[in-house]
Protein chains: 2
Amino acid sequence: MPRRPTIADVAKLAGVSRATVSFVLNNRPGVAVTTQGRVRSAAAELGWTPSTSARALSTGRAHALGLVLTREPELIGTDPFYPAFMAGIESVISATGDGLMLQMSRPGKEADTYRALAADRRVDGVFLTDLRADDTRPALVAELGLPAVVVGAPETDTGLPTVNLDDRPAVRDAVLHLAQLGHRDIAYVAGPDQYSHARRRTQAWSEALAEAGLPAGTLLPGGFTAEGGARATRMLLDLPVPPTAIVYGNDLSATAGMAVAQNAGLRLPDDLSVVGFDDVPLASYTSPPLTTCRANPVSWGRASAQALVEAVRTGGAANLELEPATLVVRGSTGPAPVRAV
Amino acid sequence: MPRRPTIADVAKLAGVSRATVSFVLNNRPGVAVTTQGRVRSAAAELGWTPSTSARALSTGRAHALGLVLTREPELIGTDPFYPAFMAGIESVISATGDGLMLQMSRPGKEADTYRALAADRRVDGVFLTDLRADDTRPALVAELGLPAVVVGAPETDTGLPTVNLDDRPAVRDAVLHLAQLGHRDIAYVAGPDQYSHARRRTQAWSEALAEAGLPAGTLLPGGFTAEGGARATRMLLDLPVPPTAIVYGNDLSATAGMAVAQNAGLRLPDDLSVVGFDDVPLASYTSPPLTTCRANPVSWGRASAQALVEAVRTGGAANLELEPATLVVRGSTGPAPVRAV
DNA sequence: TCAGCCATTTAAACCGGTTCAAACGCCGGG
DNA sequence: CCCGGCGTTTGAACCGGTTTAAATGGCTGA
């Protein structure tokens, strides 16, 4: 196992000093073209790549970004957001040569995680996802001097660059779509209330009801889980006057809710209309296919990564508003059943 | 923004040399207890944590492990494996103080990814997941001198430490369970054939059929996707004599398959029995609840991380066999329909 | 009293890059 | 012929740790 080459080996082979090699590598002006050529071919011949840790030490930049997954263990893995989001990040940082450091953390323990990331200087900046009401993380990263980008949650001003993708238009369209189909009793099964994005979707539902001139609907927590969706659905169906349509905070809850309704003997969408959120791959293949809302987490990851890279480089970045989520109408929504008066 | 403290600051405050601080930090023997105390409280007072990059440079270890996601973009995110697996990894490396570097890579381009990881010395070792037939990665990491642990795929001897979790007993149990219910025509909707684990499940199905004294069943590709599962199911139901039971390579395909069957007017499990694989959170909440196979990806991640840490430290690790996957019987399997003769 | 030993501590080199001030070689102009 | 200036190159310091060999100092036994 030959020792891997260092900048000194390249310098020797090219017949220049280490400084010159470094200049060429970072294409700094002021190096003769012929010298550049010699250095580059020497580097290529030796297969030399600068050591990340050495470079990190002297530049003070880790060349890595941090993503902390603060979601509850049982929620992580049910959510299609993160993998897609990470794919978006990757598409950006693979170009800049940065790495992505992943940390998992249980809610509540997160502050330590960020503190550790900052203290170790393992990352140059972090993504803040799943912001919650009164989230302490924006203040924390500010205190730590750690560049950060907030993913979502634009209304609470954090003083940090924010990349936002508005869920609300899709939820609003879903409600209006149902209203147009004649539904007047549209319930909502919400995600965990502490998440800003979950609350925002709930709010969009309630505002859209008002906009459509409909009475307030029943609101139940579904926790973004299958179990929560199922339980909420059972409760809704047990009401003296059950809703004719249910909008869910995500597809997982919605799919579970559909199963509950079908087990209860309801036909979808004839007896009950259902709308989800996320447009998971399964959504087109449920029975009936799920009407749902589609965001673009890949573009979100891409934009967030660009913003964070920018923030690391310049100390700040502009807020960015992405294309909002849209409604995808499929078979799980239909005309409201004619109800005995 | 005060400059963050270095080891020199701690040394000065404690009235010792930098070397002593380093010794205390790595709890090396030969430092007086009183000195240790002074150093530790000085470090605590300054809130000092050693810089990862400096440490990485002098020790030659990056204190990070690499996970390359080589799955197709459309498959990533539909699979509950990785998040759970990463949670398992995290539980180990959070104790050792290591980090987890994530890289995404399209199949085919992966060699470059590993090469880059190794060249940059960004990670001390890598997890090799989703091994495929004639996978070049084991040879590659061996050539690069990069410690690695193979996750799954025990039968193809890679010369690398392997952590395995046997899917087959669960699939076998599923087939025997169906046979006992009177099914004689049990089809299989397989995952992508190039993945070793997908092939192994297929093989388990076919062997179990033989063991149960049943004729060979129909085998169709489902690609581990919803769409593939739906398509395969349609083809199976269109057969002159459709199977009375279908085993799917994963829950996603199975769920999509269930929807297709129900849309075709079949009642489950009366007309058709269905078995999945993974036991995703949704599985208990489909209609009917999905009979499926359950592995433990968290324990897999934990064991793999332990093995990789060991391999990095000592240059090798023992192979490890985890508790095999088990069958979870729910409502989607039932007695075979009585068929007109 | 002093050599010798042990426990403890330290100075200095090293890891592999980056960066700045200084040196170099070469040119044209005075 | 010498000097100033420019384009190019380089020596050396520096980043913040680890590690080794050597120095220090206190104690014991002869």
Side-chain angles (χ1 to χ4, degrees), chain A residues 2-40 42-43 46-64 97-99 118-122 124 313, chain B residues 2-40 42-43 46-64 97-99 118-122 124 313:
Chain A
R3 191 181 50 80
R4 84 196 211 87
T6 76
I7 197 174
D9 300 321
V10 177
K12 183 143 42 112
L13 181 58
V16 297
S17 72
R18 300 187 303 152
T20 304
V21 176
S22 177
F23 289 157
V24 172
L25 178 71
N26 302 308
N27 26 248
R28 260 234 232 319
V31 178
V33 194
T34 61
T35 312
Q36 288 188 31
R38 248 181 318 138
V39 169
R40 281 191 210 288
L46 295 175
W48 174 75
T49 314
S51 141
T52 317
S53 23
R55 190 203 286 252
L57 179 58
S58 51
T59 59
R61 303 239 285 101
H63 293 278
D98 287 330
D120 295 353
R121 282 290 184 261
R122 238 187 225 291
D124 300 320
R313 209 159 12 215
Chain B
R3 193 181 48 81
R4 84 194 213 88
T6 76
I7 196 173
D9 301 319
V10 177
K12 183 143 42 116
L13 181 58
V16 297
S17 71
R18 299 187 304 151
T20 303
V21 176
S22 177
F23 289 157
V24 172
L25 177 72
N26 303 308
N27 26 251
R28 263 235 233 316
V31 178
V33 193
T34 61
T35 311
Q36 287 188 31
R38 247 183 318 139
V39 169
R40 281 191 211 288
L46 295 175
W48 174 74
T49 315
S51 139
T52 317
S53 23
R55 191 203 285 254
L57 179 57
S58 52
T59 59
R61 303 237 286 98
H63 294 280
D98 287 330
D120 295 352
R121 281 290 184 264
R122 237 188 226 290
D124 300 319
R313 204 150 26 206

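These numbers come from a predicted model, not from an experiment. Here is the naming used below: chain letters follow the sequence lines, and residue numbers restart at 1 for every chain.
Residue pairs meeting the salt bridge (Lys or Arg N to Asp or Glu O under 4.0 Å) criterion with at least one member in residues 46-61 of chain A, sequence neighbours excluded, are Arg61(A)-Asp124(A).
Residues that satisfy the side chain to side chain contact (heavy atoms under 4.5 Å, CB included) test with Asp120(B), not counting sequence neighbours, are Thr49(A), Thr52(A), Arg122(B). Among residues two or more places apart in sequence or in another chain, the side chain to side chain contact (heavy atoms under 4.5 Å, CB included) test is passed with Arg40(B) by Val24(B), Asn27(B), Gln36(B). Evaluation of the side chain to side chain contact (heavy atoms under 4.5 Å, CB included) rule for Ile7(B) yields Arg18(B), Val21(B), Ser22(B), Trp48(B) as partners, not counting sequence neighbours.
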Along nucleotides 15-22 of chain D, 5' to 3', which nucleotides get a B, which get an S, and which get a -, given that the test is a protein heavy-atom distance under 4.0 Å?
-> BBBBBB--
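Contacts between residues 33-40 of chain B and DNA chain C, counted as heavy-atom distances below 4.0 Å, involve Thr35(B).
Residue Asp98(A) comes nearest to Ala64(A) through the heavy atom pair OD1-N, 4.2 Å, listed as atom of the first residue, atom of the second, then distance.
Between the side chain of Asp9(B) and the backbone N or O of Thr6(B), at least one donor-acceptor pair lies under 3.5 Å. Of the possible polar contacts, none joining the Arg121(A) side chain to the Ser53(B) backbone as a donor-acceptor pair under 3.5 Å is found.
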